[in-house]
Structures are given as structure tokens and as C-alpha cells.
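Proteins get letters first, then strands, A, B, ... in listed order; numbering begins at 1 in each. Because the structure is a prediction, the values reported are computed rather than measured.
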4 protein chains.
Amino acid sequence: MGSSFGQLFRITTFGESHGAAMGVVVDGCPPGLALDAGALQADLDRRRPGQGALTSPRQEADAVEILSGVREGVTLGTPIALVIRNRDARSGAYDHLEHLYRPSHADYTTEAKYGVRDHRGGGRASARETVARVAAGALARQLLARDFGIEVVGWVDGVGEVRCDGVDPETVSRAAVDAHPVRCPDGAAAAAMTEAIEAARRDRDTIGGTVACVARGVPAGWGEPVFDKLTADLARGLMSLPAARGFEIGEGFASTAMRGSVHNDPFRMEAGRVRARPNRSGGVQGGITNGESLRMRVAFKPVATVFQPQETVTREGEETTFTASGRHDPCVVPRAVPIVEAMVCLVLADHYLRHRALTGAPGPIGGPGAA
Amino acid sequence: MGSSFGQLFRITTFGESHGAAMGVVVDGCPPGLALDAGALQADLDRRRPGQGALTSPRQEADAVEILSGVREGVTLGTPIALVIRNRDARSGAYDHLEHLYRPSHADYTTEAKYGVRDHRGGGRASARETVARVAAGALARQLLARDFGIEVVGWVDGVGEVRCDGVDPETVSRAAVDAHPVRCPDGAAAAAMTEAIEAARRDRDTIGGTVACVARGVPAGWGEPVFDKLTADLARGLMSLPAARGFEIGEGFASTAMRGSVHNDPFRMEAGRVRARPNRSGGVQGGITNGESLRMRVAFKPVATVFQPQETVTREGEETTFTASGRHDPCVVPRAVPIVEAMVCLVLADHYLRHRALTGAPGPIGGPGAA
Amino acid sequence: MGSSFGQLFRITTFGESHGAAMGVVVDGCPPGLALDAGALQADLDRRRPGQGALTSPRQEADAVEILSGVREGVTLGTPIALVIRNRDARSGAYDHLEHLYRPSHADYTTEAKYGVRDHRGGGRASARETVARVAAGALARQLLARDFGIEVVGWVDGVGEVRCDGVDPETVSRAAVDAHPVRCPDGAAAAAMTEAIEAARRDRDTIGGTVACVARGVPAGWGEPVFDKLTADLARGLMSLPAARGFEIGEGFASTAMRGSVHNDPFRMEAGRVRARPNRSGGVQGGITNGESLRMRVAFKPVATVFQPQETVTREGEETTFTASGRHDPCVVPRAVPIVEAMVCLVLADHYLRHRALTGAPGPIGGPGAA
Amino acid sequence: MGSSFGQLFRITTFGESHGAAMGVVVDGCPPGLALDAGALQADLDRRRPGQGALTSPRQEADAVEILSGVREGVTLGTPIALVIRNRDARSGAYDHLEHLYRPSHADYTTEAKYGVRDHRGGGRASARETVARVAAGALARQLLARDFGIEVVGWVDGVGEVRCDGVDPETVSRAAVDAHPVRCPDGAAAAAMTEAIEAARRDRDTIGGTVACVARGVPAGWGEPVFDKLTADLARGLMSLPAARGFEIGEGFASTAMRGSVHNDPFRMEAGRVRARPNRSGGVQGGITNGESLRMRVAFKPVATVFQPQETVTREGEETTFTASGRHDPCVVPRAVPIVEAMVCLVLADHYLRHRALTGAPGPIGGPGAA
């Protein structure tokens, strides 16, 4: 249980890090979408390990195979199964982990839940699972782009104590984000972040960070007013990412120190359209989009695998000391960027279809993408 | 759509703020639970408006009627329908709002979605909807207490610039929280918070704040490893609350500035049990509980209703000025405390049943509540 | 669990036969539907007991109260809660049943499941539960009629050994069905059925029967190709009715004796439209509608309450003899007609929204109702 | 949408008949099940085409690859992905079908729904999809056998006009069923069925039939009292099979001609256990199992592919004549037997987990398998 996401644009992922393959079934992708397989693979490549000094050297081509649901490049409306084989799985490197619990990993909790676990590479709890999310998210992204011109762009806006607050969410591009390996579009901040990551690595340690994300072009009216607020589903999607520890929309925690008169977004008419700016609400009011850009942030804790001795216990309940080795990112946030984007795309595609189901969208008064 | 929450302990709420009634159907509450109707009503009373200077003067007894699913005080395993009538609904006070959109309220987005709306008191988007959540949460709380001795306690840990960081999550009690109307168990902080709220009110303004919450006694093994991580479902539940803008678990955003060697919780054996302290993980690793207390926080933006002139537009697209009047809280966080607790209880009850379904809990290696 | 039906047009029912009330929450009814409350009540009145010699003399006005989701007669797109109070519940008549299991009733199985039960009037297992389905079905019916002109008409086509095969599904009307209390539009058959029911009653016995149903005007393209075939969802909906023992679509069991060359419906063009007649397929091919009328039948076993001594056992496991008394229909099929129709309407409304979600209906090539 | 089945033991299938592969993801299989891969493959082999004169000569090894969720032969509690490659797909044989609709196939309805379709071999609508159900059903079967000793056995009990009513559901075995290629355990009936199928084939025609199925050893208490009655979910599962046209439980349609005094199953005590015999109820009362064997039947229409000229229309709306060729079964019921069994196992496994979730089964008063 728990491996599905979305109600109508619904994905189900599978795969252990060192099993045969990772994969996803997308059930609910509308028919007639001309799938850009190259762009799908490009999204996967952005997430791929082994891309540089900042990330794990595990080498995976992550070439995706489409098993169903697409014919002659066009979606059929039937389930789309995507499989990515695991190739560079050095499972032997994990043999010594079968009988102990790595601190702040999911080893202990997995065993507490299931009584059995695949200890190799973290099994199902491995961040490798997110490759399936990115593959599915690429489909969602293409659907949203075709039907509404929606753009979803994420970037690293914090590593350790380094913050980058100067990015304009209305204009930042994926190209600008990818210009630096740390995936922060502000060059000075990017350099400082890189140094912070390198310093952690030198210290045989790891470090946390934050990813910001914007979705531009989302029509007004998406989301549900009570439990399935768009904010709630975004939070669920992003807090389901490995190492995620916090989520905020719009001004987030900073809004708590504001007065209402400052935080409120007055409505004005511009070019015949209702606008709500400066968009402190982050594009959502009462859980429903208002046509402004969605703005959110996710906090990722430092990677649990540090290369220093740590106290822990064995499966048999004996205390011991554990020192990690192997291939691990010192900081997840550069690779988290495409994963965050994928989850945002998945949430939006689902609410697109949900809104269409309930109202026969594009909707009575429409937003920017309604035409 | 969107008015249901939970997969197995599943609730469906209904009601508009100025309609006939609010209510909830709980489908999935196990049979044989001796329902403490007084405690249920007490939970509702904690959320009730009109309780003091800090909250809206709307007077609602919020007396709950149990329509089904309980016989002679014991749950039958069938759906439990709870109804709370709306009585003090001064709908006439909202007539002037039928044709304009209050800034940062859900008026515009509701109409963008549905084309129609009940403008009286915010309709379905009103925080009055949460009365149904609290009623259902009371059932969940009693189930969790009976089967595991779980305690869920929330408190206000921030109002505006005032923070309260000294509360011990392992010992704080609901009685201590309720000792001050602002629901902060630290007297000095509570006084400062009260002053901050009063200052906002004097300025015809509003102010935001944060609510912390702890769940003690949750067994190890609850939660799913991928999308339905306990963290993800808690985030969804809490970010679905009106005015919620941020969520964090454990160290949350603060963890991003930490090194892994600092953030990790080493495992140790204590009294024959695996412990993970100082619990920076907030009781969850890889989305699954580890037997430590769950610790989380929610950010609430300042209330959108300020008693000052604001720019806005009408349904007809004409710009105008709006000055609010009526009954509104200057700060939501004191009343948000029981609502936050209710959502946490609902998430936990759902995962209790999900864990039992998959594994035939209490589970192979068990946590503190497994015995 | 198990008290919800539908994925998008989703209903959740509640209530025990002798509890405070029966009710339903409809979440997913599109906004802007002008609700005909009189027609809704009329649908309930058709199901109501105490209407004549053939049905139970229990007197219930079954007046429905709308608690939410409708304002000034128009649906808001929010959950619609409908409550029907139980008034003529003579619970004392059931006291002697608390400790024994009535044969072929749900007494034993309910207790095997829950360990507790409300024995009064069958509790949740009572056919009184269907009043909530009829109320929700009335909303679905009005939606389908408004958007597609769909008509759903059921009738009794069998009681005991009496069959009525001459009804034309393309023209039969609810008025014709209601012209005779037994709800068979063929006068001669209706008379024979009435006599069969009266004979059973005279013998202190009960008798079974079948209900046929047609849905006219359903567009081509509704239903899903695999598990959620329209046939499968209709089967589930109708087999969830109390006392249902069989379901068939089109030629049903009779098709098994046919050759393919006889059973196949050749396609022809008529008035610019693809037709598939003589419609042995019953309007569905591969689980998806083809634009022809849906034709189906449901088998209902004889009512379990017979007024003769029967062997049974007590809760304590002692064998005993039980002779029923009280108010019970000798045959359920006349009252089952509106209930069957309601379930068909609910299935269709759900698939209407599901089809719209996936494809942005009315769909590329359309059916009769697509224009 | 529509490719998932089950709420807790939940499967999602994918694949087009002439695409790269068929497959299924099983999310919700409990951890710790020692998977018998040989028995799984044996279940697939029973469904495989090309097994004899009565079935399609398409040759598919149907060798299953397990991509995830199983390690060292034991289920991990994580999603189990099973893939079966399509190998003998002679897609060229379908080129002439791209522009016309085969009568009583899903060609027209698929196109009415999606606007696009994979015409090769019926695409998603092909009965080849059921290979994924059988693979998943094998897991369910093994779980039910391990935990309760449940046995699920299906057999052909009708082909055309030939009926076989003498099979004892309490003792019939899969071996006895498989002793004859037509899968009827009664030799004389089997011979007559074979002749009926051969006669149809000689006439370039096809013929329908019925499959009976029994599930022995199911504990009392499974199923939900309202919409998710076990009968309803069995009906949905079985009516979702290709060519299914009817379903019945217990005495089914025959019950409608009975009096209640005849149909009722009196309760008696035997060996300390409540029994309900002669089991006309088919093991279910009020939607919940009573501990007796489940007995049900499914009607399958004659195969739509007949090798005779038939009237039809093209995609462009022109009338034409179509004569089928290629590889097709003249009668589906022999191969439908393992498919029916698989669906029954899937429904039971799901309700096993649902019952355990709600009640912490084995349950308060238990049935035969509760101990």
C-alpha cells in the first residue's frame, strides 16, 4: 500500500534500489497526447546520479522503456507503464548492513513495519525510487504544457546557512537553473552553496538545503475547498520525498509574523483579468488557485549517511558503532530539483482532471489558461 | 469532491457556514469502542467561538447529535454520522459581500471554480467547517487512547514575532495548554502573545502564528514508505486547514542548516527497546514511525479579514474598496490548537488501521505501544 | 468502511433502521444544477413502505431534509447532505431477536464481523438503508436528464414463476410501470404477479422476483475498458442491493446458449449515426457504452422473513425455533424498482464525470447524447 | 483510469495485446509470504493459449518476470511488479482492421471513448489483459491458502445448451477439472461440451457458456454490509471479465422462483460451529460471509469473432462487410476457468485485509478459518 499517488492522473510506482528495476504505471493520462520521449528522458537525466562532483558516483543510464499505453508516439488513454532497469547496483557493498540499523535511515522503521526488508541500498526506501516519479512527472509536465502552457521550474534556494532570495519566480528558467551544477540560478549564491557542500564532504559529513519551485500559467479554479486543497496535495506530494522535513506555500512560515493588512493580496483588474498581487498567497486562496503563480519551498534534512563513526544497534538489539562507506550524495538538493518539479506536475495534472470532471472546465469565469 | 479524508478511518464532512448544519460521517471506526460523548463534546467546546476576548463572538453551542453508528454508547462498526446545527448565523451581515471578492479570502477562487457560491460567512470555505473535523477527531483520539495510550497535545508556539521554544513535548499536557486563553503553556510567552493579538485588534488588523503538536505513544511501524509516508499524510492533513501556510516535522526548516552528524539520531537500547534520540527526526524515519514522539509545527497566516479599507474587485470586474465588519478572530491560532490535534488524530487512526491491514499488527518487532 | 459508492459522483450513506435517521452525503455533484426537490421527494415516495397491500405497513413519511450543498435551489458543487428521520420504528418488536439469528438474514454474519450489532430492524443491514440511495440517485437522475436527456426506467419482469417478457425497453415509461401496484407495465402479467404475491402471503411465506431496467440516451464512450467496465460497476451497484442474487446485461445468461453469429449486433449507419442492433449487447461492448440503450436485470431472492417456524440458533450457540412476526414485505420487487433505478443513475453519473475527466467529453466521435 | 482493482490488496494492470508487454503491480500484499513461483507460473500456464484444439493457437510462453517486491523468494510488503512479454504478436494480421469496427467487439466503443485506439489484437480490450489478473490472483491464492487454507476451484458448467449440474462444490478439485480440456469435471458433460464447441467451429461460428466457482474455507465475517458486500465485489470482479454477461451467487436467478420457506438456510450447530445449510445463500448473507462455501456462476457470451461475413461500418461511417480470420477461441469458457478463480482470489484477499483492518481479525466469534 502507499505506492500510488493522484486520484485521476494516478501513478503507482514499484522497485527496490537493488532489485531488477524501478518503474511506474500511469493510469489516467488522457488519450491523444503526442509524447516527447526525448524530453521525458531529459527529465530523467536531470535526476540521474553520477553527474558531477556534487552527487553520488553511482552510474545508471536510467534509460526508460515504455511497455504500454503509447502507440506511434501518442498516448492511448490506457495505462502507461515505464520501466528503468537497475544496472550499477553494487549490492555486496551492503552486506554488512543486513544486521544493523543505520542512524536516521529507514532501516529500523522498515523492519519495525514489515519484519523483513531488502537492506541493499535502502530497498524501497531508497531515493532511487524517485526515478519513477520523475518519469511519470514528465508525462504530466507535457500534458500541462500542451493544454495550458504551464511551466514548472524548481531551484536550490538554500544549502546549509547559504540562502538565495533574489530569484524572480516569474522569469526564472530551467536553463538558468541548470547553468550551475548546484542548480541555483544566482551565480554568487551557487558558488557559496558549492563551497558549503564541498566543506561538508571534506569533513566526511553532509548538509541540508531547500528547494523552491514555481508553477506559472495555472488557471484559476483548480483545487478543492476542504481536504484536497491544492496546498494540501502539494504538501503531501512534496513531503513524501525522501529527506523532506518541511513545506511552505507563498510566504509560508514568514507569514506568521505578518499583519493581515500586509499579507493580503488586493484584487485588481489588469488586461480584463482579476489579479491578486504581490502574490503573498502563492497563487492559492482557500485551497484553490487564483491564477497567479504557485510559489512553494521544501526543506530537505542533511543526508543521513555520514562517513564518521556513529552509535547504533543491531537487529539483535546490541549496541555497536557504524561508519558508512559507499556512494552517497553529500547534499540532496541539486538532484531534488527535478524531483520536486515532477511532484508539482503530478499534483497539477491530477487537479486539472478533477476540476474538469466536476465542472466541465475550462470553467465559468476562467483563469489565464482557460481560453 | 475533496470532502473526504483517510483511507480506512475515513471521514466525509459537509456543511456551509450559514447553511442548516455542519456534519461528518465517519466510516471505518472499529466496532466496540465505548464512546465518551462528554469528551467528544469537550473537544468541540475547545474549538468553539465566543469563548473570550481573543476569539470571534459568534455564539454557537455546537451541540453534536449522533445520528447513526453508535448504540448504547458503543460503536457498531457502521458509519457514524455527527451533525452540528448552525444557529447564530447572521447571514444578513454578508449581503454586501455577494457581489465582491474579499482580498485573500476564497471568494474569488470559489467562484472561479464553481461559478456559484454561498457568500454567507464564506460558505464551505469557512473555518466553521473544522467543527466537523474536531468531532471526527474526537472519535479517533478515543480509539488511539484506548488501544495504545496515545496522547496528542497541541499548543501555540508563536504569535507574530513572539516565539515560545521552551515547551517540553514529552510532558506538556492539554490542561497546561488550556490554562491560558491563548493556549500557550509558557505563561510569559502567553502574555506576550496576548498582547500581540490585542495590539493587532486595536490596529483593526490581524496577526499570524504557529501551532506545535506532539503525539506520544505511537508504536513503531506506522506509515508507508513512499507516497503515504506518515509525514506526507500529516502534511496533507494539516495543510488542509484554513489559513495553513507551512508544515514541518522534527527540526523542519532548521534541519537544512545542520550537518548530518548533528542531525542524525543515534540508536541506543533502553529498557529493552530501541530508542532514537534526541529525536531530531520527530519520530519518523523514511515516512514510518520509530516509536519516538511525533513532533510537528504548522504555520498560520494572519486572518484575511482586517477592518481597514482594502482594494478589491466586484464580480462584474469593477475595482472598488472594501472595509470588513462583523465577527472575526484577530488571530486563529488559539482556536487552531484543537483542530490541529484533531487532524493528527485522524491521520494516526487511519495509519493504525492501514498498518493492521497490511501486517496483522501489532507487528513483528513492535514499538512502545505494541504490547 | 464500505458505505461509499462512486469515484467522482461519490455518495456515502449512514443510518440504522431503528436509529435516529438515515442519510447520505453526495460529494461530487456538479455545481449549478437546479434541484427539483419535488421530484426528489417523489422518487423517495415511490420507495416508501406502507403504500398498499403488497408492501410493509411501516409508516414513514420519508421527508428529506437538505442540510448542505444547495442554496436557493441550486447545487453549489459542495457536499450535499440529505437526512431522512426514522419515525415509525417499533423497536420493542425486535427485543426477542437480540439473542438469536434469523435464518438467511444478516444477523449472524453481522455479529461474526463486528462482535456487536443493532438487532432492531436489521440495523445497518435493513433494506431501509436504500432510502439514502434513492435520495442520492434522484440527484444523479436530474443531472443525467439535464445534460443528456437520459431516462432510466425499471419494472418488475418476474415474480415467482410468472414472467413478463413483452415490455419494449425503448418505450416503457415510469407512468406505465406505476399504473399497477406490482410495478409491471403488462396488465395481465401484473395481475398474475399480484396473485403470486398474495398466495405467498396467505401461506405465511414470501416469494422472489426479477427487476428489469433500461437506460435510454446514454452517449457512446462511457465506462472503462478493464476493471471499471460499465457492466462491472452496474453489477456491483445492483448486487449491493439487499436480497440481490443475480445480475445480467443484454441477453445475460441466455446468451450462453447462443452462437456468435446470432448474438452479434451488426453495425449500421442510421441518420448519420452508428447503430448496433438488435442490441443483444445491451448497450455495452468491451465495458464501454455504444450509444444503444442499456438493458439489464436483477434477481431478488424471496424475503427471508417467513411467518412459519424455522430452526435456528442463539448467540449462545443453542438450537431453537423461531417464528417471525412484525411488518415485512412478502416480496421486495415492487419496491425494488425505484432502488434499482437509483443505483443505475448513480453508476451513470459517476461514469459521466469520469469520462469527462479523462477525455474532456462530450468526446471525439460522440454518441446520441454528445451533441 | 479503471485499471486498478481492490482497496487494500490492490492491483494495477497494464498492457496492450500487441504492445511490448502485459503486466501488473500488486500493492498491498502482506510481507513475509514465501512465494511459490512455480505455482504462480502454473496458474499462468492454465490460462495460456495454444494448449489444444479448443483454444487459440497463439503461442505465448507467458513466462513471468518479477521486477520488485520479492527478495529471496519472500514478499517484502512493497509493490510486486510482474511482467509478461508479448512475443507471438502477429500484428500485421490486423492491418485491415484499423479502419473498421468488428461487430460486438470493443473497436467502436474504444474509439468513441478515446478518439484513438490500438487496433492490433484488440489492444487494451483484448482478453490477453487477463494474463495480468491471473498472475496477481496467484499471489492472492497463495496468501489465502497459507492463512486460512482457502481453496478456490472453478469449472465449466455450461456450453451452449449443454449443462452440467452434478458437480459437488464441496469436493471438486482443480485436478478433476483439468482432467478434460474443456475443464468440466463431469466426463459425460465434458464430452458433450467438446462436441458443441467443435460443432460451432465447424460452422465457422462460436458459442457461449458458463463457469461455476466455489471458494471453500472462507471465515465468517468477510465483506461489508452496504455497497461493498462481498457479493457486490465478486460481481464487479467477475463482470469485469471480457465477454461476461451475467453473474449469480448461491441459487441466483433460480431463487426468484422459490418461496422463502424453501430458500432459507436454517442455522444449526455442528461440531461447535454455526452452520447454514443447504447453503442456498451461497455462503453470503447480507453481503457478509457466513462460513459456508461461496458458490457463484458467470455467464460468458459467444466469442464475437465469427468466421462468417458480417455487416459493419468503417471509421469513416461507410457500411461494409467484414469476415474475420486469424487465431481465436471458438469458446472462451475453458480458458476462463483460471481467470474466474483469479478474480475470486483477488476479491477475497482484499476483503481479508479489509476485515483485519476494521476489526483486528480473526474476529470476535469467528468462522471455520478463524482459529
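Using a 4.0 Å cut-off between a side-chain N of Lys or Arg and a carboxylate O of Asp or Glu, C:Arg268 and D:Glu319 do not qualify as a salt bridge.
By number of non-hydrogen pairs under 4.5 angstrom with chain C, the leading residue of D:Arg280, D:Gln310, D:Met239 is D:Met239. Per-residue counts of heavy-atom pairs under 4.5 Å with chain D were compared for C:Gly317, C:Pro302, C:Gly208; the largest is that of C:Pro302. Chain C forms more heavy-atom pairs under 4.5 Å with one residue of D:Thr210, D:Ile249, D:Val298 than with any other, namely D:Ile249. Considering only heavy-atom pairs separated by less than 4.5 Å from chain D, the leading option among C:Gln285, C:Lys301, C:Arg297, C:Arg354 is C:Gln285. Ranked by heavy-atom pairs under 4.5 Å with chain D, the first of C:Gly286, C:Ala244, C:Ala106, C:Ser4 is C:Ser4. When each of D:Thr231, D:Thr305, D:Leu238 is checked for heavy-atom pairs under 4.5 Å with chain C, D:Thr231 comes out on top. Here C:Ser261 is the residue among C:Ser261, C:Gly122, C:Ser3 with the most heavy-atom pairs under 4.5 Å with chain D.
Side-chain atoms of D:Asn290 and C:Thr109 include no donor-acceptor pair closer than 3.5 Å.
At a 4.5 Å heavy-atom cutoff, the contact between D:Glu311 and chain C is made by backbone and side-chain atoms alike. Only the backbone of D:Thr289 comes within less than 4.5 Å of a heavy atom in chain C; its side chain stays farther off. For chain C, the nearby parts of D:Ala200 are the backbone and the side chain; heavy atoms of each come within less than 4.5 Å.
Within the 4.5 Å cutoff, the side chain of C:Ile288 has no heavy atoms near those of the D:Tyr108 side chain. Within the 4.5 Å cutoff, no side-chain heavy atoms of D:Lys113 are placed close to those of C:Trp222. D:Val226 places a side-chain heavy atom less than 4.5 Å from the side chain of C:Arg133. Within the 4.5 Å cutoff, side-chain heavy atoms of D:Arg124 are placed close to those of C:Pro225. Looking at D:Met269 and C:Glu318, their side chains never come closer than 4.5 Å, going by heavy atoms from C-beta outward.
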Item to complete: Apply side chain to side chain contact (heavy atoms under 4.5 Å, CB included) to C:Thr13 and D:Phe227, showing your working.
Response: CA-CA 9 Å; C:Thr13 70; D:Phe227 298 112; 3.8 Å; yes
Report task. Apply side chain to side chain contact (heavy atoms under 4.5 Å, CB included) to C:Leu358 and D:Tyr114, showing your working. Result -> CA-CA 9 Å; C:Leu358 186 63; D:Tyr114 296 117; 3.6 Å; yes
Please report the C-alpha distance between C:Thr206 and D:Arg259 in whole Å, then the side-chain angles of each, then the deciding distance to 0.1 Å, and finally whether the side chain to side chain contact (heavy atoms under 4.5 Å, CB included) criterion is met.
CA-CA 5 Å; C:Thr206 62; D:Arg259 290 282 181 95; 5.9 Å; no
Between C:Phe247 and D:Glu248, is the side chain to side chain contact (heavy atoms under 4.5 Å, CB included) condition met? List the steps.
CA-CA 6 Å; C:Phe247 169 82; D:Glu248 54 185 17; over 6 Å; no
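A perpendicular orientation is assigned to the rings of C:Tyr101 and D:Phe267, their planes being inclined by more than 60° (bins at 30° and 60°).
Between the C:Arg245 side chain and the D:Ser281 main chain, a donor and an acceptor come within less than 3.5 Å of each other. Under a 3.5 Å cut-off, the side chain of C:Asn264 and the backbone N or O of D:Ser104 do not form any donor-acceptor pair.
Under the rule for a ring-ring contact (aromatic ring centres under 6.0 Å, His included), D:Phe300 has no partner lying at least two apart in sequence or in another chain.
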